[in-house]
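See below for the structure under consideration.
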Amino acid sequence: MSSQNRVFLQLLGIVLVSVTIFGYSVVIYTKTAFEEIEAQREQAQIAQFKQQFVRFGEEVVRRVENIANADATTRMAVDLARDKADRSLYVHDAIGAAQGQNLDFLEVTTWDGTIISSTPDYSRAGHNDSTSVKTEWSGSFGVLG
């Protein structure tokens with residue numbers, strides 16, 4: 001083999017190795033950059049979801065507070081606090097209150113978890129749901145929850 005061919009093959013090898021290393025570096029750098037961008041996008045979506053979740057939660061709390069502070073709810077609480085109160089008078093009240101506040105689900109319960117009124121299924125009225133979430137209502141009639 002002539003020295004010219006040897007030099008040519010050496011240069012060809014050096015060029016091929018250099019191009020391979022450069023190409024591999026570009027692929028790795030590009031992949032890393034895309035992964036970082038995707039991670040940032042994912043974190044932004046998670047933050048946006050959390051922010052929306054908190055905002056929707058605050059909106060539901062505001063709606064429930066509006067129901068709890070309504071005159072009809074106060075009258076119901078005072079009436080139900082009496083001995084032998086007729087709970088059947090309030091069986092359908094949750095439906096109107098839920099529609100008024102644009103809620104899909106609402107249950108009105110006593111302090112012990114007995115359901116007074118429920119929407120969309122008012123047939124649950126009178127059942128004691130010991131797993132229901134108990135919330136303290138404060139107002140002019142004291143703490144009921």
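In this text, all values refer to a predicted model and were calculated from it rather than measured experimentally.
A continuous path of Ile, Leu, Val, Met, Phe, Trp and Tyr side chains, each step under 4.5 Å between heavy atoms, connects Ile67 with Val60, placing both in one hydrophobic cluster.
Remark: Ser25 pairs with Ile21 by the side chain to side chain contact (heavy atoms under 4.5 Å, CB included) rule, at least two apart or across chains. Partners of Thr32 according to the side chain to side chain contact (heavy atoms under 4.5 Å, CB included) rule, which considers only residues two or more places apart in sequence or in another chain, are Ile28, Glu36. Every residue was checked against the salt bridge (charged side-chain N to carboxylate O under 4.0 Å, His left out) condition with Arg6, not counting sequence neighbours, and none meets it. Checked against side chain to side chain contact (heavy atoms under 4.5 Å, CB included), Asp71 has the following partners two or more places apart in sequence or in another chain: Arg75.
Sorted by first and then second residue, the side chain to side chain donor-acceptor pair (under 3.5 Å) pairs involving residues 43-60 (not counting sequence neighbours) are Glu59-Arg62, Glu59-Arg63.
Atom OG1 of Thr74 is separated from atom CG of Asp79 by 12.5 Å, given to the nearest 0.5 angstrom.
Cluster partners of Leu11, using a side-chain heavy-atom cutoff of under 4.5 Å among ILVMFWY residues and allowing indirect links, are Val7.
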